Asks: 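My questions all concern the structure below.
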Amino acid sequence: MRRSSMFLYTRKEVSSEADVVSHQLMLKAGMIDKLAAGIYTLLPIGLMVIENVKRIVKEEMDRAGAQEVLMPSVIPAELWQESGRWDKYGKELLRIKDRHDRDFCYGPTHEEVITDLVRKNVRSYRQLPLNLYQIQTKFRDEIRPRFGIMRGREFIMKDAYSFDVDDQSAEESYRIMYEAYHKIFKRCGLNFRAVEADTGQIGGSFSHEFMVLAQSGEDAIASCDKCDYAANMEKARTDAKRLASKPEDNKGLESVETPNKKSVEEVTAFLKVPAGRLVKTLIFKSDNRFAAILIRGDRQANEVKLKDIFAGNEAVLANEEEVKKITAAPSGFSGPIGLKIDIIADNSVKGMTNFVVGGNKKDTHLINVNIGRDFEIKQFADIANIEDSDPCPLCDKGHLKIDRGIELGHIFKLGTKYSESMKAYYTDAEGTEKPMIMGCYGIGVGRTMAAAIEQNHDENGIVWPIPLAPFKATVIPLNTNHEGIMEVAEKLYKELTELGIETLLDDREDRAGAKFKDADLLGIPIHLIIGERGLKEGKVELKLRAGGEKEMVPVDATAARVKAIIVEAI
RNA sequence: CGGGGCGUAGCGCAGUCUGGUAGCGCAUCUGCUUUGGGAGCAGAGGGCCGGAGGUUCGAAUCCUCUCGCCCCGACCA
């Protein structure tokens, strides 16, 4: 491509609206153009990167035995009503009506459509297993789109769906995807980790997220410094046994006055005990049922884990009035002793002895409280967020550290949630009908591009990993008015193009500095600089964007050298 | 949806408090010089100051309403 005729306009300044580096650089490099909140046009050079990501994804999906389809982006409401998600999905689902006033939605995900497709075509166990995928534009009406293309409302996504005869086979399909995802992100040149994740609204039994480590990441992930354990904060566990302090002999229960001391900080400061000796009692309401949640004083409840405790239903803290009714005391003095509602304790409470709780009476706390003697716990569960350097739940030596990450991929074992609600049954060898076991597997294509920039940039701009680079090489003639220079530039451009190497010829009548700045900003991996100095010896300068290494290469050997560098990288 | 902020030339911004000729930088166009890290000089074009209503002799500026965009929070494959 000739730079002089390309629809590519780089900028020195961008709006202060862009506050993550990938967004800023994409704007500066002329890759995207915003049309509305969370809705972007991909410009030629941005699209080239997207196409590279898509190509890698397709190759690995195909290699893993999946087959590509393309489903509609507009979906009739009936399908979503059938699965029950029309009412459950909420405002994120963009609902539209056609001219006959019929309901449709713009697909945010395609479980319904794929399940419908498969149930219409697959009857027998002989047709399974099956894995179908598509790369398509989706829409989710996010409350707050941000970070440019990283968290847009309209976005490109690869979604795959597997169908199997039984759990064992489904887990094999899952494992194949798990491995394919590793290959995909590795080929994209990304530093990532697969972490255990919550299944969220999609539902299902287990899942992994593929996270790229980045400061600007929206998710917190915990990983062990000794073993392979890694999990999203929503899922991360710790080892309650190693966390617990040594049990002490039970002391006698005592009531103490704590005038106006409500928060954990106030109470522990007043009683001069560490927060880890206090158990806080939170009254939650879900579906009009109340439950008391006990958590060690120095720990925070995790909303997602809580939701799981309440069988997936929304749980909210009880209001002041409800707390009074249940505990007979104002909030801040709730405790487990004497409560008539279910008491569920976080694992962090396990093994605690002689601790402090609220007295269910104004200005009163109880000390030297013990489980079993003073009250009973209905159930222990994992409720609290883990903290940095908590013990690892898998190995007995490691500790967890918390990083931020960007979720690029998510794989789920769905089970029969959709196949049962939508009647996707097959007939097995014995002639009985059974629901197919499903899995679903997503990759954010645009987000992968953004994450690659987050991980690969410097003060001068983007540093593309070679497989994603829109152009692998750029030919920079320093003086377009110099015949000899332009002759060599054209020759190299032609040779490289004929070798199948995407090359940008910067044939603009600009000064050298401007061209260098642009080549750096765009992140093109290999710069071929043609100037009078080198040409006197019949050489061009080859410079690598990533490390900055320079070498002088004879003109005739340049194309082959470039090819070699690319082959090695891909 | 709660709190905060911003809409002025293609882009980035000042001007608004205190009403009186609409400005700066980048980009664009012309000419000359320059040519290995975003060139210099001289000149030029480009604005319904987000939209509607109001106050005023006069509104980018004050008032009311509205639309859009951004940030924090809540929310979220």
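Predicted model only: the values in this text are computed from it and were never measured. Just so it is clear: chains get the letters A, B, ... in the order the sequence lines come, proteins before strands, and each one is counted from 1.
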Asks: Hey, can you tell me if A:Tyr106 and A:Phe139 have their rings parallel, tilted or perpendicular (30° and 60° cut-offs)?
Replies: perpendicular
Asks: Between the base of B:rC76 and the side chain of A:Arg151, is there a donor-acceptor distance below 3.5 Å?
Replies: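 Check passes, donor-acceptor contact within cut-off.
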Asks: Would you mind telling me which of B:rG38, B:rA74, B:rC69 lies closest to the side-chain atoms of A:Arg146?
Replies: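 It is B:rA74.
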Asks: Scan every strand shown for a Watson-Crick or G-U wobble partner of B:rG31, both distances under 3.5 Å, and answer none if you come up empty.
Replies: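 B:rC41 is the nucleotide pairing with B:rG31.
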Asks: Mind checking who B:rU64 pairs with, Watson-Crick or G-U wobble, both distances under 3.5 Å?
Replies: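 Partner of B:rU64: B:rA52.
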Asks: Can you identify which nucleotide, out of B:rG12, B:rC70, B:rG36, has its nearest atom closest to the A:Ala37 side chain?
Replies: B:rC70
Asks: What orientation do A:Tyr9 and A:Phe7 show, parallel under 30°, tilted 30 to 60°, or perpendicular over 60°?
Replies: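 Perpendicular.
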Asks: Work out how far the P atom of B:rG51 is from that of B:rU8, and round it to whole angstrom.
Replies: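 Taking atom P in both B:rG51 and B:rU8, they lie 10 Å apart.
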Asks: Evaluate whether atom CD of A:Glu68 has more than 12 neighbouring non-hydrogen atoms of other residues, nucleotides or ligands under 6.0 angstrom away.
Replies: yes
Asks: Out of B:rG37, B:rA74, B:rG25, which has the shortest distance to the side chain of A:Phe516?
Replies: B:rG37
Asks: Say you pick atom P in B:rA14 and the same atom in B:rG54; how far apart are they, in whole Å?
Replies: 30 Å
Asks: Name the nucleic acid region contacted by A:Glu218, choosing base, sugar-phosphate or nothing; use a 4.0 angstrom heavy-atom cut-off, strictly under.
Replies: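 Counting heavy atoms under 4.0 Å across all strands, no contact is made by A:Glu218.
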Asks: What's the OH-P distance between A:Tyr9 and B:rG12, to the nearest Å?
Replies: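 Checked: the OH to P distance equals 17 Å.
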Asks: Looking only at side-chain atoms of A:Asn481, point me to the closest of B:rC1, B:rG37, B:rU35.
Replies: B:rU35
Asks: Find the partner of B:rC57: check Watson-Crick (N1-N3 plus N6-O4 or O6-N4) and G-U wobble (N1-O2, O6-N3) distances, both under 3.5 Å, and reply none if neither fits.
Replies: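 Checking every strand shown, B:rC57 finds its partner in B:rG20, with both distances under 3.5 Å.
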Asks: Consider the side chain of A:Lys12, meaning its heavy atoms from C-beta on, and name the nucleotide among B:rA74, B:rG12, B:rG38 that approaches it most closely.
Replies: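 Selected nucleotide: B:rG38.
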Asks: For B:rA60 and B:rG47, measure between their C1' atoms and round to the nearest Å.
Replies: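 Here B:rA60 and B:rG47 have their C1' atoms 11 Å from each other.
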Asks: Under a 3.5 Å cutoff, is there a donor and acceptor pairing between the side chains of A:Tyr174 and A:Asp164?
Replies: no
Asks: Just to be sure I understand the rule, does A:Lys543 reach a base, reach only the sugar-phosphate, or reach nothing, if contact means heavy atoms closer than 4.0 Å?
Replies: base
Asks: Side-chain donor or acceptor of A:Glu532 under 3.5 Å from a matching atom on the base of B:rG36?
Replies: no
Asks: Measure the OG1-CG distance between A:Thr480 and A:Asp510 for me, rounded to the nearest 0.5 Å.
Replies: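 Between A:Thr480 OG1 and A:Asp510 CG, I get 8.5 Å after rounding to 0.5 Å.
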Asks: Which whole number of Å gives the distance between the C1' atom of B:rC67 and that of B:rA74?
Replies: 24 Å
Asks: Measure distances between side-chain N and O atoms of A:Asp510 and base N and O atoms of B:rG38, and say whether any donor-acceptor pair falls under 3.5 Å.
Replies: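 Not at all, since no donor on one side and acceptor on the other fall under 3.5 Å apart.
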Asks: A:Asp19 has a side chain; which of B:rG37, B:rC71, B:rG38 sits nearest to it?
Replies: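 Ranking B:rG37, B:rC71, B:rG38 by closest atom to the A:Asp19 side chain puts B:rC71 first.
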Asks: For atom C1', what is the distance between B:rC62 and B:rC17, given to the nearest Å?
Replies: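 Looking at atom C1' only, B:rC62 and B:rC17 are 11 Å apart.
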Asks: Would you kindly compare A:Ile529 and A:Glu13 by the position of their nearest RNA chain B nucleotide and give the one closer to the 5′ end?
Replies: A:Glu13
Asks: Quick check for you: among B:rA74, B:rG38, B:rG25, whose closest atom lies nearest to any side-chain atom of A:Arg144?
Replies: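 Per side-chain heavy atoms of A:Arg144, the pick is B:rA74.
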Asks: Could you tell me whether A:Arg95 sits above the aromatic face of A:Trp86, with NZ or CZ closer than 6.0 angstrom to the six-membered ring centre and within 45 degrees of the axis?
Replies: yes
Asks: I'd like the P distance from B:rG10 over to B:rG53, given in whole Å.
Replies: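 Those two atoms are separated by 23 Å.
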Asks: Both distances below 3.5 Å, Watson-Crick or wobble geometry, any strand: find the nucleotide opposite B:rC76.
Replies: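 Across all strands, not a single nucleotide pairs with B:rC76.
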Asks: Please measure how far the P atom in B:rG25 lies from the corresponding atom in B:rA42, and state the result in whole Å.
Replies: 12 Å
Asks: Report yes if the distance between the aromatic ring centroids of A:Phe210 and A:His410 is under 6.0 Å, otherwise no.
Replies: no
Asks: Determine the interatomic distance between C1' on B:rU34 and the same-named atom on B:rG19; round to the nearest Å.
Replies: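 Result for the C1' pair: 48 Å, nearest Å.
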Asks: Which listed nucleotide (B:rA39, B:rC70, B:rG12) is nearest to the side chain of A:Arg511?
Replies: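 Nearest to the side-chain atoms of A:Arg511, counting from C-beta on, is B:rA39.
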Asks: Could you let me know what B:rC69 is paired to, Watson-Crick or G-U wobble, both distances under 3.5 Å, or none if it's on its own?
Replies: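 Result: B:rG5.
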Asks: Does a distance-only test, which skips hydrogens and angles, find a donor-acceptor pair under 3.5 Å between the side chain of A:Asn479 and the base of B:rG36?
Replies: no
Asks: I want to verify a distance call: between B:rC11, B:rG36, B:rC70, whose nearest atom is closest to the A:Arg11 side chain?
Replies: B:rC11
Asks: Keeping A:Asn456 on the side-chain end and A:Ala452 on the backbone end, is there a donor-acceptor pair under 3.5 Å?
Replies: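 At least one qualifying donor-acceptor pair exists.
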Asks: Looking at B:rC75, B:rG12, B:rG38, which one has an atom nearest to any side-chain atom of A:Ile143?
Replies: B:rC75
Asks: Closer to the 5' end of RNA chain B via nearest nucleotide, is it A:Glu407 or A:Lys515?
Replies: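 Taking each residue's closest nucleotide, the earlier one in sequence belongs to A:Lys515.
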Asks: Can you tell me the base-pairing partner of B:rG25? Count Watson-Crick or G-U wobble geometry only, both distances below 3.5 Å, and say none if there is no partner.
Replies: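 Partner of B:rG25: B:rC11.
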Asks: Establish whether the base of B:rG68 is bridged to the side chain of A:Lys34 by a donor-acceptor pair shorter than 3.5 Å.
Replies: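 No pair found.
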